[in-house]
2 protein chains.
Amino acid sequence: MFHPATADLSLPSVMHALSDPVRLAIVAQLAAAGSDPCGDVDVDLHKSTISHHYRVLREAGVTVTTVEGRTRIVRLRREDLDTRFPGLLDAVLRAVQN
Amino acid sequence: MFHPATADLSLPSVMHALSDPVRLAIVAQLAAAGSDPCGDVDVDLHKSTISHHYRVLREAGVTVTTVEGRTRIVRLRREDLDTRFPGLLDAVLRAVQN
DNA sequence: TTGACGGTTGCACGATCATCAAACCATAAA
DNA sequence: TTTATGGTTTGATGATCGTGCAACCGTCAA
């Protein structure tokens with residue numbers, strides 16, 4: 001399960017990860033809930049598709065996934081993102097609430 | 001030459017427009033220079049490719065293009081972007097300077 | 001009026017992407 | 001040990017994307 005180091009976070013990758021409506025919904029929900037089991041997203045898609053979106057977010061460095069028993073806990077990498085790209089995540093979170 | 005209304009700016013479209021390294025370079029240069037003839041980007045690509053990137057930025061609402069004689073002047077839509085997505089462009093501009 | 005200049009448009013090509021389906025893999029419960 | 005649960009992985013498919021090439025178009029200068 002790959003997670004990029006904070007120093008390796010790339011702006012194009014992060015922007016791309018945050019350019020899909022489904023992933024923006026996931027991120028918004030993570031911001032509201034703090035953390036999230038993988039399956040708890042409120043979106044009507046096949047579970048493999050959701051898994052794919054979680055992977056894109058994780059590999060871009062937007063989220064961190066930890067294994068807890070047989071569920072995956074997903075969290076936003078708020079501090080890491082703010083270190084590399086100050087204010088970016090906050091602006092996106094503010095924007096995503098229309 | 002299509003430009004979306006401010007109210008129609010969509011977060012996924014703007015994020016997507018700002019997820020490509022070439023377009024980020026264009027935007028950074030626009031931010032530094034204020035405005036820009038289309039051909040002045042410092043990037044080694046075919047002119048039709050550059051034109052394509054300008055179109056993506058314009059149609060997402062990131063830039064506005066005006067015709068001035070036989071050159072196109074491209075400008076960032078700073079105020080419009082800040083109205084819809086406060087702080088987003090600033091965060092991206094800060095992030096793009098590594 | 002002819003030509004050069006700055007850009008756009010149309011087409012094509014390979015790469016990437018979002019989605020689904022089916023198989024698989026751990027872990028926990030029966 | 002068997003079964004169910006939560007999620008990943010591996011194709012496959014259609015759509016979109018980034019790029020280059022060639023042709024085109026409007027404007028300005030000879």
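Labels below follow one simple rule: chain letters A, B, ... track the order of the sequence lines, proteins then strands, and each chain is numbered from 1.
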Scanning both residues in full, the closest heavy-atom pair of B/G87 with B/D82 reads N-OD1, 3.5 Å

Acceptor/donor pairs from residues 2-9 of chain B side chains to any protein atom, 3.5 angstrom cut, sequence neighbours excluded:
unit_1, atom_1, unit_2, atom_2, d
B/H3, NE2, B/T65, N, 2.9
B/T6, OG1, B/D80, OD1, 3.3

Report, one pair per line, the protein and nucleotides 18-23 of chain D atoms (nitrogen or oxygen only) whose separation is under 3.5 Å.
unit_1, atom_1, unit_2, atom_2, d
D/dG18, OP1, B/R23, NH1, 3.3
D/dG18, OP1, B/R23, NH2, 2.8
D/dG18, OP2, B/R23, NH1, 3.4
D/dG18, OP2, B/H52, NE2, 3.2
D/dT19, OP2, B/H53, NE2, 2.4
D/dG20, OP2, B/H46, N, 2.9
D/dG20, OP2, B/T49, OG1, 3.3
D/dG20, N7, B/S48, OG, 3.3
D/dG20, N7, B/T49, OG1, 3.3
D/dC21, N4, B/S48, OG, 2.5

Identify which nucleotide among C/dT8, D/dA4, D/dA29 has an atom closest to any side-chain atom of A/R70, counting heavy atoms from C-beta outward. D/dA4

Sorted by chain and number, sequence neighbours left out, salt bridge (charged side-chain N to carboxylate O under 4.0 Å, His left out) with B/R70 holds for none

Pairs satisfying salt bridge (charged side-chain N to carboxylate O under 4.0 Å, His left out), at least one member in residues 43-59 of chain B, at least two apart: B/R55-B/E59

With sequence neighbours excluded, tell me which residues meet side chain to side chain donor-acceptor pair (under 3.5 Å) with B/S19. none

B/E68 CD to D/dC28 P, in whole Å, measures 10 Å

For A/V67 and B/S51, find the nucleotide of DNA chain C closest to each by heavy atoms; which residue's nucleotide sits nearer the 5' end? B/S51

Could you state the CD1-C1' distance from B/I73 to D/dT27, rounded to the nearest angstrom? 14 Å

Nearest-Å distance, CD (A/E59) to C1' (D/dT9)? 13 Å

Mind checking salt bridge (charged side-chain N to carboxylate O under 4.0 Å, His left out) for A/D20 and listing every partner two or more places apart, or none if nothing turns up? none

